[in-house]
Amino acid sequence: MPRLPRLNLIDIPQHIVQVGHNNLPCFFDEEDYQFYLISLRNAADQYRVDVHAYVLLPNMVQIIATPRVPNGISSMMQSLGRRYVQYVNHRYKRSGTLWRGRYKSSLIDSDAYLLTCYRYVELRPLYLGLADSLENYPWSSFNHHADNVENEVITDHRLYLALGETPRERAQEYRSLFRYRFDRRLLDYIAETIKVGQVLGGDAFKDKIEQIANQRVRPLKRGRPRKSKKTAADKAPEVVAVAESATRQPENLEATPMET
């Protein structure tokens, strides 16, 4: 399925994914992870992007963020990508690309899917076998949300803040979201939307985005368009006459059933 045009709309969260070239590692030790997070915070501040959740994996980065100015996320990711590649090339005496093309992104219907996307992102280390518990993986936003550990990269979204009156209440309520296994169909749906750049949301949200962006956000249906049915009035008179005569049955014969 072809990717849809990338959308950068202010005040609407996005799920962002950037993968290492040929799925090769892009982080090699703790100092690399730390440098990336510092660069992410600086780029987010510079281009006025609120980062809500993230995970840094050995060969991949996933981020949930909301731009506050036009093209905020694209500017942030371009700046961040260049800075980190320069750092890696200099440190490891290498050259060439580090990422597999441009980052991928999809808009999120926040009221319906935002906290679900938080879980999707922060559960990656557990699903990939990189840690025996989410608390023990230091390169994600999980401990900020679930244990009230301060994280300078994160700007809390209103939906997370609505989980409780105090930081402790919010952390407890957020942790309760992880008691149940992720539905496999939902996992696949989120993965597919980011893969092809679709909008993650229902029809009402997609209608809203199409009005704001003035462009299509739904993929075109496959196959040829269906031909419109012509009415008898649209047909030539002689064709109508032939059709009518073909349907008449002789008065002294029974109609023969059609084969099924």
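- Following chains of ILVMFWY side-chain contacts shorter than 4.5 Å, one can reach Leu159 starting from Ile16, so the two form part of one hydrophobic cluster.
- Of all heavy-atom pairs spanning Glu165 and Arg170, the tightest one is O-NH1, 3.6 Å.
- A pairwise comparison of heavy atoms in Val199 and Tyr189 identifies O-OH, 4.1 Å as the closest pair.
- Proximity of Val55 to Pro125: side-chain heavy atoms (C-beta onward) are separated by under 4.5 Å at one or more points.
- Across every non-hydrogen atom of Arg124 and Leu57, the tightest pair is CB-CD1, 3.9 Å.
- Summarising the geometry, atom CZ belonging to Arg102 is positioned 11.0 Å from atom CE belonging to Met77; distances are rounded to the nearest 0.5 Å.
- The aromatic rings of Trp139 and Tyr33 lie parallel to each other, their planes meeting at an angle below 30°, with 60° marking the opposite boundary.
- Residues satisfying the side chain to side chain donor-acceptor pair (under 3.5 Å) test with Arg184, not counting sequence neighbours, are Asp188.
- Glu122 pairs by the side chain to side chain donor-acceptor pair (under 3.5 Å) definition with Ser141, His145, Tyr174, not counting sequence neighbours.
- Hydrophobic clustering places Phe182 together with Met60 (ILVMFWY residues linked when any side-chain heavy atoms are closer than 4.5 Å, directly or through intermediates).
- Hydrophobic clustering (side-chain heavy atoms under 4.5 Å, transitive across Ile, Leu, Val, Met, Phe, Trp, Tyr) keeps Leu177 apart from Tyr180.
- With contacts defined as side-chain heavy-atom distances shorter than 4.5 Å, the pair Tyr54/Asn151 qualifies.
- Hydrophobic clustering of Ile, Leu, Val, Met, Phe, Trp and Tyr side chains at less than 4.5 Å, counting indirect connections, unites Val85 with Phe28.
- In the displayed structure, Arg168 atom CZ is contacted under 6.0 Å by at most 12 heavy atoms of other residues, nucleotides or ligands.
- Here the straight-line distance linking atom CG of Asp29 with atom CZ of Phe35 works out to 12.5 Å at 0.5 Å rounding.
- Side-chain N or O atoms of Asn22 include none that pairs as donor or acceptor with a backbone N or O of Leu24 at under 3.5 Å.
- Side chain of Arg48 to backbone of Ala44: no donor-acceptor contact under 3.5 angstrom is found.
- In this structure, the separation between CZ on Arg119 and CG on Leu134 is 10.5 Å, given to the nearest 0.5 Å.
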Item to check | Criterion side-chain contact (heavy atoms from CB on, under 4.5 Å) on Ile73 and Tyr47, from CA distance to verdict | outcome: CA-CA 7 Å; Ile73 283 181; Tyr47 295 104; over 6 Å; no
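- You'll find the side chain of Trp99 stays beyond 4.5 Å of the side chain of His21, heavy atoms only.
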Exercise answer: donor-acceptor pairs, residues 108-118 side-chain atoms, under 3.5 Å, sequence neighbours excluded:
residue	atom	partner	partner atom	Å
Asp111	OD1	Arg158	NH2	3.0

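- Residues Ile64 and Gln14 fail the side-chain proximity criterion, which asks for heavy atoms closer than 4.5 Å.
- Residues passing the side chain to side chain donor-acceptor pair (under 3.5 Å) test with Arg100, sequence neighbours excluded: Asn23.
- A 4.5 Å side-chain heavy-atom check between Arg83 and Ser39 finds at least one atom pair inside the cut-off.
- Contact check for Met76 versus Leu40: side-chain heavy atoms found under the 4.5 Å cut-off.
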Next on the checklist: Evaluate Leu98 against Tyr84 for side-chain contact (heavy atoms from CB on, under 4.5 Å), listing each step before the verdict.
Outcome noted: CA-CA 9 Å; Leu98 183 66; Tyr84 185 70; 3.6 Å; yes
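- By the rule that hydrophobic residues join a cluster once side-chain heavy atoms approach within less than 4.5 Å of another member, Ile63 and Ile38 end up as members of separate clusters.
- Counting non-hydrogen atoms of other residues, nucleotides and ligands closer than 6.0 Å to CZ of Arg94 gives a total above 12.
- Atoms OG and CG, from Ser106 and Leu200 in turn, are 5.5 Å apart once rounded to the nearest 0.5 Å.
- From Asn136, atom CG reaches atom CG of Leu130 across 12.5 Å, with rounding to the nearest 0.5 Å.
- Pairing each heavy atom of Ala65 with each of Val51, the nearest pair is CB-CA, 4.0 Å.
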Item to check | Worked verdict on Tyr36 versus Leu80 for side-chain contact (heavy atoms from CB on, under 4.5 Å) | outcome: CA-CA 8 Å; Tyr36 187 94; Leu80 176 60; 3.1 Å; yes
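- Evaluation of the side chain to side chain contact (heavy atoms under 4.5 Å, CB included) rule for Glu135 yields Ser133, Phe142, Asn143, Asp147, Arg175 as partners, not counting sequence neighbours.
- Although no hydrogens or angles enter the test, the distance criterion places no donor-acceptor pair under 3.5 Å between the side chain of Ser79 and the main chain of Ser75.
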Checklist entry - Would Leu56 and Gln62 satisfy side-chain contact (heavy atoms from CB on, under 4.5 Å), going step by step from the backbone distance to the final call? => result CA-CA 7 Å; Leu56 309 186; Gln62 296 202 30; over 6 Å; no
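- Of the possible polar contacts, none joining the Asn71 side chain to the Ser74 backbone as a donor-acceptor pair under 3.5 Å is found.
- The pair Arg91-Asp32 meets the salt-bridge criterion, with a side-chain N (NZ, NE, NH1 or NH2) lying under 4.0 Å from an Asp/Glu carboxylate O.
- With sequence neighbours excluded, the residues that form a side chain to side chain contact (heavy atoms under 4.5 Å, CB included) with Thr155 are Asp50.
- Closest of all the heavy-atom pairs between His157 and Pro13 is NE2-CG, 4.2 Å.
- In this structure, Val88 and Phe27 have side chains that are not in contact, with every pair of non-hydrogen atoms separated by 4.5 Å or more.
- With contacts defined as side-chain heavy-atom distances shorter than 4.5 Å, the pair Leu9/Leu107 qualifies.
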